[in-house]
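First up is the structure itself, then whatever we jot down about it.
Just follow the structure's listing: the first ligand is 1, and inside any ligand the first atom is 1.
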Amino acid sequence: MEQGYLTLETGEVFEGVLIGAKKDSLGEVVFNTSMTGYQEIITDPSYAGQIITFCYPIIGNYGINAMDDESISPALAGVVIGDLCETPSHYQSIQKFSDKLAQAGVTGIAGVDTRLLVKTVRSRGTVRGYLSHTKKEELPPVKNTFWVEKVSTKKTKYFKNKGPHVVLMDFGYKKSILTALLDEGCAVTVVPYSTPFEKIKAIDPDGVLFSNGPGDPMELKKWFPEIKKISQHYPSLGICLGHQLIALAYGAQTEKLAYGHRGGNHPVKELSTGKVKITSQNHGYVVVDSSIDKNVFKITYLNVNDKSIEGLKHKHYPIQTVQFHPEAHPGPNDTVHIITEFVTQIASLGETRYAIK
Ligand SMILES: NC(=O)CC[C@H](N)C(=O)O
């Protein structure tokens, strides 16, 4: 076992042993509070460029299975864990967690005091970190990477089905979003993030789903006019990055949270019923409440912990957006009805949607 270090840009150094790919790695250090679901988390494309710290102390105990990857390959910069389990026990396990990291070329560090690291990130805010076999005096600068471009599909993909036809705008979608649509009976066309309105028009879908994805939503500024046009012509659902992009396209602003919301137990209040739902979340940016034009959007969900915006509904167009992940994976299914309702809505809109065009 090789000794390894995580050096933060703020100077703190955390010690452990290197696991996975034995190469140096630079990324934004974030933490996830989920108790299970490490396989879905490391394969969620929204983590591209980030080093995830798992708050839950034991990772790897039920191994890696053949079904739960959320993308073809992990895009994250690294993982930090407390206790690594190298003897997984689960009837569906096909691989060890550390072998999955090695295979995907992802560096990890185990045996770290993750409680102290999370406390440090909570007090410092999200910081850059460097994983290496040596301590670093100074961190190299972060390369400006446009992560959405890296994780989005290059080609359009079509999934045949008998129900309404949904275009999935791929900013780095999680497989579970596609699966949720297919399970609802939808035919799905996955398109690259940069697909303009005219091309969507040629596909002629019944609805459009704007996916989750990595990075700062403002990096997609150039596409805001197209996003707005698409959402004005097709019933739309925005999830996480998709929610932020639709809000931005209509003139709202986003800002970075101190250390984000990442986990499977984030309470949000559904304002129409007063009920609290427990949600799966993974985001570092939020839509700024005061920047939302309340004549245009109704706020539908609020975060119970920090009162940040968790959902919007357009007052004139059939557009709904949520900051959390209704598709779960990992996490609770409390809000999966949002996807069902979107599909029911596009199925029932029928001819009326042509009036929107
Ligand atoms: N899961 C996501 O879509 C994340 C959205 C965005 N990259 C953020 O961190 O806020």
At a 4.0 angstrom heavy-atom cut-off, ligand 1 is contacted by Ser46, Asn212, Gly213, Pro214, Gly215, Cys240, Leu241, Gln244, Asn282, His283, Gly284, Tyr285, His325

His261 versus Asp306, side-chain donor and acceptor atoms under 3.5 Å: yes

Any side-chain heavy-atom pair from Pro267 and Thr279 closer than 4.5 angstrom? no

Sorted by chain and residue number, the salt bridge (charged side-chain N to carboxylate O under 4.0 Å, His left out) partners of Lys228 (sequence neighbours excluded) come out as none

Quiz item: Under the ring-ring contact (aromatic ring centres under 6.0 Å, His included) criterion, do Tyr130 and Tyr5 qualify, and how do the steps go?
Solution: CA-CA 8 Å; Tyr130 195 79; Tyr5 300 91; over 10 Å; no

So the salt bridge (Lys or Arg N to Asp or Glu O under 4.0 Å) pairs with at least one residue in residues 42-71 (sequence neighbours excluded) are Asp69-Lys100

Residues passing the side chain to side chain donor-acceptor pair (under 3.5 Å) test with Tyr56, sequence neighbours excluded, are none

